[in-house]
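The structure appears below as structure tokens.
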Amino acid sequence: MNRRQFISSSGAAAAALSSGSTTQTASAAPAKRALMKLGTETQLGDARLKSLARYGLKNVGGAPPRAEGSVWPALDDLKRGREAAEKNGISYDIVTPPILASSQIDRERHPAIMLAESPERDRDIEQLQTLVKNCAAAGIPAFKYNMSILGVLRLPARVPGRGDATYSAWNFKEAHPATPLTKAGRVTADRFWERITYFLERMVPVAEEYKIRMACHPQDPGVPPEGYQGVDRVLGTVDGLKKFLSIKESPYHGLNFCQGTVSEMLQDPGKEILDVIRYFGSRKKIFNVHFRNIRGHRDNFVEVYPDEGDVNFVKAIQVYKEVDYSGMLMPDHVPQAPDDPGGQQSFAFCFGYIRALIQAVDQMG
């Protein structure tokens, strides 16, 4: 074929596409878009927000900057945090309060809810009710929290990763001999559920009234049925999370779905996690996602970079798209390295990786 023939045939093909395929395109269903967003939990200082905007983040969560002398949870602090984010083209989507944090109960500044201590727990719940009202007034749609006594369990020694990175790890068999009780003492499953129910019965109606989503983080990691340090971790299994959500059914009662933590609950996370995402996502119970990977399984795992774990993140993000998940995908528990204080390089790697996954799955139709 000579050049003139090629140009002629190319023009004919283009004309056919622009005319003959018009009807086909018009009749085809529109491609399904990916609704999820790249996000992170962060301090809402201006320099940090600017650096996040540089990486293409448009959504964040975290604790608001507190003005000197302000009493938490001050409405003005929440508004100030939202305005600081908006100034950098970022949306402030989820608040992290100091009550019901992820710390171990002996170090927790506000332990009363999880210890069932009255009247202190009622005062703490009242503060969280005020937070819900202030989030509504400030235009922030959600808050995240933990219902944990043991905090995040990991072995003290980190393990070597790729390059000079090190990873956190958990192995129940290695940790189990050292099991001193916390100040919570023995907390059976029944006692734990009583404390959870007490909290939800007082919080969910307020969240419904003000239309603020309550996103609970699972217990990290789950432990065997006999418990650990005297505590039965009832939110450390998928069945436990299902029961948790059924106690007070509401569109505003859901999960900060830590994909890493949920993977840690499973014997074969690479195969099982997709159906777990599908179960909670199809029921609109996933309000925020910690998008991190592990290598291993229940009771024995290592936290790794997102591209080298047992969970296929391409398949995982396809399921988030399938269930129309529209919240944030956040990196979490990133590897550490000697020249990377605070894990900022690891976070930057994860930001780029997740952003590329979102763009790719958005083009898959």
Side-chain angles (χ1 to χ4, degrees), residues 36-68 70-103 107-110 124 127-128 130-148 151-152 207 212-218 220 254-261 286-292 326-334 341-348 350-351 354-355:
M36 74 287 292
K37 311 167 184 75
L38 171 63
T40 193
E41 190 170 347
T42 187
Q43 296 296 319
L44 299 175
D46 190 63
R48 177 60 175 157
L49 290 165
K50 279 181 167 56
S51 73
L52 294 175
R54 182 194 317 147
Y55 295 131
L57 277 87
K58 296 183 179 179
N59 304 81
V60 298
R66 187 182 301 184
E68 185 176 353
S70 70
V71 178
W72 186 90
L75 174 58
D76 287 346
D77 291 343
L78 294 172
K79 288 181 176 179
R80 190 179 299 107
R82 190 202 68 207
E83 290 164 1
E86 289 177 348
K87 187 173 71 173
N88 290 282
I90 295 173
S91 175
Y92 185 14
D93 289 352
I94 191 164
V95 175
T96 305
I99 296 176
L100 293 179
S102 61
S103 53
R107 300 187 294 273
E108 174 61 41
R109 294 180 59 189
H110 301 276
D124 285 348
Q127 280 196 296
L128 287 169
T130 300
L131 172 67
V132 167
K133 299 171 186 178
N134 287 346
C135 280
I140 304 169
F143 77 94
K144 65 177 284 283
Y145 65 103
N146 287 262
M147 302 210 78
S148 179
V152 178
I212 299 298
R213 294 189 295 276
M214 298 170 47
C216 183
H217 193 293
D220 182 9
L255 300 175
N256 183 106
F257 188 84
C258 180
Q259 183 178 298
T261 300
I286 300 179
F287 296 164
N288 188 53
V289 173
H290 287 171
F291 201 43
R292 64 175 174 86
S326 61
M328 290 184 281
L329 298 178
M330 295 181 168
D332 186 45
H333 295 194
V334 298
Q344 296 309 310
Q345 294 173 26
S346 289
F347 270 106
C350 294
F351 291 150
I354 296 171
R355 183 168 171 80

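Residue numbers start at 1 and run along the sequence shown. Note that the structure is predicted; figures quoted are calculated from it, not measured.
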Can you find a heavy atom in the side chain of Arg292 that is under 4.5 Å from one in the side chain of Thr261?
-> yes
Heavy-atom closest pair, residues Gly254 and Phe287 | N-CE1, 3.1 Å
Quick one: NZ on Lys58 to NZ on Lys37, what's the gap to the nearest 0.5 Å?
-> 11.5 Å
Give the minimum heavy-atom separation between Cys350 and Val334, together with the two atoms involved.
-> SG-CG1, 4.0 Å
Write down the atom of Asn146, the atom of Pro218, and the distance for their closest heavy-atom approach.
-> OD1-O, 4.3 Å
Validation row: Thr42, Leu57 side chains within 4.5 angstrom (heavy atoms) = no
For the residue pair Val152 and His333, establish whether any side-chain heavy-atom pair is separated by less than 4.5 Å.
-> yes
Is the side chain of Tyr92 donor-acceptor paired with the backbone N or O of Arg80 at a distance under 3.5 Å, no angle test?
-> no
Is the shortest heavy-atom distance from the side chain of Phe143 to the side chain of Met214 under 4.5 Å?
-> yes
Reported CD-to-CG distance for the pair Glu41 and Asn256, which is rounded to 0.5 angstrom = 7.5 Å
Do Leu78 and Leu131 touch side chain to side chain, with heavy atoms closer than 4.5 Å?
-> yes
Are Arg48 and Leu44 close enough that some pair of their side-chain heavy atoms sits under 4.5 Å apart?
-> no
Could you grab the distance from atom CE of Met330 to atom CG of Leu38, nearest 0.5 Å is fine?
-> 9.5 Å
Show the numbers, then the answer: is there a side chain to side chain contact (heavy atoms under 4.5 Å, CB included) between Asp77 and Trp72?
-> CA-CA 8 Å; Asp77 291 343; Trp72 186 90; over 6 Å; no
Looking only at heavy atoms, the pair that brings Gly81 and Pro65 closest together is CA-CD, 3.9 Å
Going by heavy atoms in the side chains, are Val95 and Cys135 under 4.5 Å from each other?
-> yes
Would the number of heavy atoms belonging to other residues, nucleotides or ligands and lying under 6.0 Å from CD of Glu86 be above 12?
-> yes
So Asp220 and Ser102, side chain to side chain contact (heavy atoms under 4.5 Å, CB included) or not? Walk me through it.
-> CA-CA 9 Å; Asp220 182 9; Ser102 61; over 6 Å; no
Nearest non-hydrogen partners of Gly39 and Phe351, listed with the distance = O-CE2, 4.1 Å
From Arg54 atom CZ to Leu49 atom CG, the distance as rounded to the nearest 0.5 Å = 11.5 Å
Kindly compute the distance separating OG (Ser103) from NE2 (His110), expressed to the nearest 0.5 Å.
-> 9.5 Å
Glu108 CD to Ile99 CD1 distance, which is reported to the nearest 0.5 Å = 8.5 Å
Heavy-atom donor-acceptor pair, Arg109 side chain to Pro98 backbone, under 3.5 Å = no
Would you call Asp76 and Lys79 a salt bridge, using N to O less than 4.0 angstrom?
-> no
